[in-house]
Number of protein chains: 4
Amino acid sequence: MVRMSADEKRRVILDAAVRVFAERGFNAARVSDIADEAGVAYGLMYHYFRSKDEVLDTLFLDRWNVLLQAISEVDAGDLDPRDKLYAITGFIVDSYRHDPDLMKVIIVEVTRAANSFGRKHLDKIREAFDLIADIVEAGQQSGRFRDHVTPRFAAMAFYGAIEQVLTGWIFDVLPQGDMEFEQAKTFVVETICGGLEAPTTSPI
Amino acid sequence: MVRMSADEKRRVILDAAVRVFAERGFNAARVSDIADEAGVAYGLMYHYFRSKDEVLDTLFLDRWNVLLQAISEVDAGDLDPRDKLYAITGFIVDSYRHDPDLMKVIIVEVTRAANSFGRKHLDKIREAFDLIADIVEAGQQSGRFRDHVTPRFAAMAFYGAIEQVLTGWIFDVLPQGDMEFEQAKTFVVETICGGLEAPTTSPI
Amino acid sequence: MVRMSADEKRRVILDAAVRVFAERGFNAARVSDIADEAGVAYGLMYHYFRSKDEVLDTLFLDRWNVLLQAISEVDAGDLDPRDKLYAITGFIVDSYRHDPDLMKVIIVEVTRAANSFGRKHLDKIREAFDLIADIVEAGQQSGRFRDHVTPRFAAMAFYGAIEQVLTGWIFDVLPQGDMEFEQAKTFVVETICGGLEAPTTSPI
Amino acid sequence: MVRMSADEKRRVILDAAVRVFAERGFNAARVSDIADEAGVAYGLMYHYFRSKDEVLDTLFLDRWNVLLQAISEVDAGDLDPRDKLYAITGFIVDSYRHDPDLMKVIIVEVTRAANSFGRKHLDKIREAFDLIADIVEAGQQSGRFRDHVTPRFAAMAFYGAIEQVLTGWIFDVLPQGDMEFEQAKTFVVETICGGLEAPTTSPI
DNA sequence: GATGAATGAGATTTCATTCAT
DNA sequence: TATGAATGAAATCTCATTCAT
């Protein structure tokens with residue numbers, strides 16, 4: 001057995017928790033499942049985490065902060081609003097591609113769990129909406145986006161579309177693969193920015 | 001106490017369950033909470049339902065079948081595809097307006113609960129996506145919709161946008177009220193069909 | 001539906017209870033099972049019996065009193081002790097042949113249930129042993145039986161042998177059929193009275 | 001409190017279960033009774049056993065395998081058939097003398113419980129009958145035993161006699177004590193092998 | 001008598017958390 | 001750190017019995 005630093009052991013437990021939560025869901029997952037999956041002793045989890053909740057909190061916050069950071073950076077850049085939304089979509093899709101279990105856990109067990117962790121982390125989740133809304137608002141002010149919907153509303157629709165696509169993958173309702181992932185980025189942005197409708201050819 | 005038929009008593013229990021599930025979430029809700037809320041004895045719930053699960057299954061299926069019926073009818077009509085999507089959005093939003101607790105339970109505890117009831121009812125949920133995808137596909141074939149995204153994909157984005165808006169209301173992240181509900185219908189369809197972007201003025 | 005007298009209805013319930021108790025055992029049998037099997041309303045059982053226990057008590061006592069009566073009559077007769085034991089064995093075996101379910105219930109749920117109904121009806125059960133012991137004792141006094149074992153002890157061995165044979169049928173460990181039933185009567189008495197051993201031929 | 005190995009703790013729980021099952025019967029015994037009797041926490045029982053059933057299964061199988069082993073050894077020896085039966089009787093009686101509660105539980109809750117554990121362990125129980133039947137059969141072939149009854153039948157009668165004697169002690173219908181135990185061994189074998197009857201003096 | 005809805009005590013089982021070593 | 005035995009508070013579900021009609 002290779003010796004591990006405390007941080008590495010912590011990491012091993014978190015990674016095991018991701019797999020277990022993804023497989024069984026947070027509620028059905030037992031602490032012993034995580035310990036077994038991590039190959040550590042039952043009680044050891046409690047040296048690194050105060051509770052089972054804290055494990056999920058940690059998983060969520062670590063990843064969500066990265067997401068917020070990414071969105072902030074996109075926000076600060078000077079791309080077109082459509083390209084900013086594309087960059088955000090790309091980041092989220094690539095997050096899923098890179099670690100689907102982790103994204104599944106975060107979405108299913110936190111951002112969509114309105115009665116438990118979702119409510120607990122609501123402010124954190126809302127930060128993302130706010131940043132996206134800022135992008136939309138800036139787009140409207142620059143004239144690139146129409147102002148027929150409120151920025152906050154548009155942000156929800158945009159984020160909802162992405163999350164549902166990820167849910168489609170998680171549920172195996174949508175096909176997955178490198179091509180599909182790339183397509184999804186374009187599709188989401190095309191749908192939300194360009195709209196489904198064909199431009200009406202003006203008469204004359 | 002007014003005499004009740006068996007169906008009415010069943011209804012009383014279902015209604016109480018909606019309130020309890022909405023308030024505490026399915027997992028945290030105890031059967032005794034439901035019985036208390038309904039004002040009936042503990043065991044009576046098991047006279048009408050085989051298990052706590054069956055209560056949620058019943059709530060979901062009853063409502064979801066109504067939704068499927070509504071979408072089917074819209075589908076069968078001869079409205080413009082945009083108007084069909086508007087009608088569906090309207091139906092869902094009005095469902096929420098009419099009984100927010102029930103819609104909260106259905107969305108939070110079933111359609112978004114990928115590891116428990118969501119998986120169990122996946123086929124039923126997918127039916128809705130399929131019907132919506134049919135509308136998109138018909139729109140594409142008639143030339144009203146562009147075919148830059150697959151119908152299935154568009155259906156997911158559209159449904160995700162609606163669900164996220166409802167989630168916004170559930171989370172109290174978006175303002176609620178009659179005006180907001182009506183606006184939401186327009187906004188969702190505007191966003192998905194018309195797109196966020198301003199039409200680029202073609203040079204000359 | 002044919003009208004029934006109260007006694008007939010009572011009988012219907014008792015008969016149904018026999019089948020249910022035989023099939024599932026007293027503990028696993030639900031009152032509703034009995035009502036269903038009898039084709040009567042759930043609560044009706046409580047018009048005829050004070051409790052589920054009382055149903056089994058009734059089944060046992062009715063039958064056991066018949067058995068005690070039969071043994072008493074045999075006892076009072078002037079047969080050989082071996083023939084008396086044969087008559088008793090015959091009565092019990094024929095009871096099983098006539099209504100195996102009832103005998104199964106009485107043996108399995110009462111006479112062998114030392115921690116529940118067996119203890120409750122111990123005195124009644126003991127009466128049978130006493131009567132049998134009387135026969136053995138009389139046999140010993142008349143010189144027909146050796147007095148190498150106490151009458152009480154012999155009675156237990158005799159009754160135990162019969163009950164185990166019935167258990168063999170109940171468990172399907174011994175073959176059943178008219179021939180087997182008749183054989184069993186002889187076998188039990190042969191074994192207990194004659195013994196398994198061949199008589200040692202005295203030298204000279 | 002003295003430290004205990006896992007096996008010792010397991011033993012403590014099993015021993016407590018024996019006392020509780022003997023006292024109240026398996027059905028009436030609550031898991032909490034066992035825990036209290038063992039002086040351990042409620043949940044610990046579930047650390048060592050999967051269920052309440054498994055506790056009884058364990059008690060039965062452990063002891064019954066010892067019995068089967070003992071019978072097998074007797075079987076393999078070259079004693080007279082009568083002496084073999086005596087040895088088996090002796091083993092069972094001594095088992096009762098050594099741990100009456102355990103034997104009570106095994107007999108009352110398993111071997112005589114045709115609708116629950118008896119059926120479950122029927123094959124195991126039957127093994128004992130088969131081994132005994134083998135002894136009888138060998139006795140018949142050697143001419144020591146008459147062949148007026150089938151070996152299987154004789155085995156049932158023999159075992160039934162023993163079990164009923166034990167039941168007599170359990171029910172307190174037969175007197176107990178070292179002398180009675182020794183007597184019982186002789187009595188059972190005398191009764192089954194020698195028979196109750198006095199040899200008929202052949203008329204010149 | 002007849003019905004079956006209503007009651008609620010109780011039992012098993014689970015499992016997060018603690019803790020002694 | 002590391003271990004896994006020990007704890008005990010729930011929670012679900014069952015079902016005998018009662019009772020209003």
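Every chain is numbered from 1 and lettered A, B, ... according to where its sequence line falls, protein lines coming before strand lines.
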Inset, instruction - Round to the nearest Å and state the distance from A:Glu8 atom CD to F:dT1 atom C1'. - result: 15 Å
Inset, instruction - State which residues pass side-chain contact (heavy atoms from CB on, under 4.5 Å) with B:Glu54; sequence neighbours excluded, sorted by chain then number. - result: B:Phe49, B:Arg50, B:Ser51, B:Thr58
Legend entry - Over all atoms of both residues, closest heavy-atom pair of A:Asn27 and A:Lys52: O-NZ, 3.7 Å
Legend entry - With B:Arg119 via side-chain contact (heavy atoms from CB on, under 4.5 Å) - residues at least two apart: A:Lys104, A:Phe171
Inset, instruction - Starting from P on E:dA20, measure out to NZ on D:Lys9 and report it in whole angstrom. - result: 13 Å
Legend entry - Donor on one side chain, acceptor on other, C:Arg10 and C:Ser5, under 3.5 Å: no
Legend entry - A:Arg11/A:Asp7 salt bridge by N-O under 4.0 Å criterion: no
Inset, instruction - Remember a base hit wins even if backbone is also touched, and classify C:Ala29 as base, sugar-phosphate or nothing at under 4.0 Å, heavy atoms. - result: sugar-phosphate
Inset, instruction - Hey, which sits more toward the 5' end of DNA chain E by its nearest nucleotide, D:Ser32 or B:Ala6? - result: B:Ala6
Inset, instruction - Extract the stems that DNA chain E is part of, considering only consecutive pairing runs of at least three Watson-Crick or G-U wobble pairs, both distances under 3.5 Å. - result: E:2-21 with F:2-21
Inset, instruction - May I have the distance from B:Arg10 (atom CZ) to E:dG4 (atom C1'), rounded to whole angstrom? - result: 16 Å
Inset, instruction - Write down the distance between CZ (C:Arg30) and C1' (E:dG4), rounded to a whole number of angstrom. - result: 16 Å
Inset, instruction - Please state how far atom CE in D:Met4 lies from atom C1' in E:dA20, giving the value in whole angstrom units. - result: 15 Å
Inset, instruction - Locate the shortest heavy-atom distance separating B:Leu102 from B:Val18; write the atom from each residue and the value. - result: N-CG1, 3.5 Å
Inset, instruction - Could you check how far CD1 of C:Ile13 sits from C1' of E:dG1, rounded to whole Å? - result: 11 Å
Legend entry - side-chain hydrogen bond (donor to acceptor under 3.5 Å, both in side chains) against D:Asp57, all qualifying residues, sequence neighbours excluded: D:Lys120, D:His121
Legend entry - ring-ring contact (aromatic ring centres under 6.0 Å, His included) involving D:Phe117 - partner list, sequence neighbours excluded: D:Phe26
Inset, instruction - Taking only heavy atoms on the protein side, list every residue of residues 40-55 of chain C lying under 4.0 Å from any atom of DNA chain E, sorted numerically. - result: C:Ala41, C:Tyr42, C:Gly43, C:Leu44, C:His47, C:Tyr48
Inset, instruction - For D:Asn27 and F:dC15, give me the distance from atom CG to atom C1', rounded to whole Å. - result: 14 Å
Legend entry - Side chain B:Asp33, main chain B:Arg30, donor-acceptor under 3.5 Å: yes
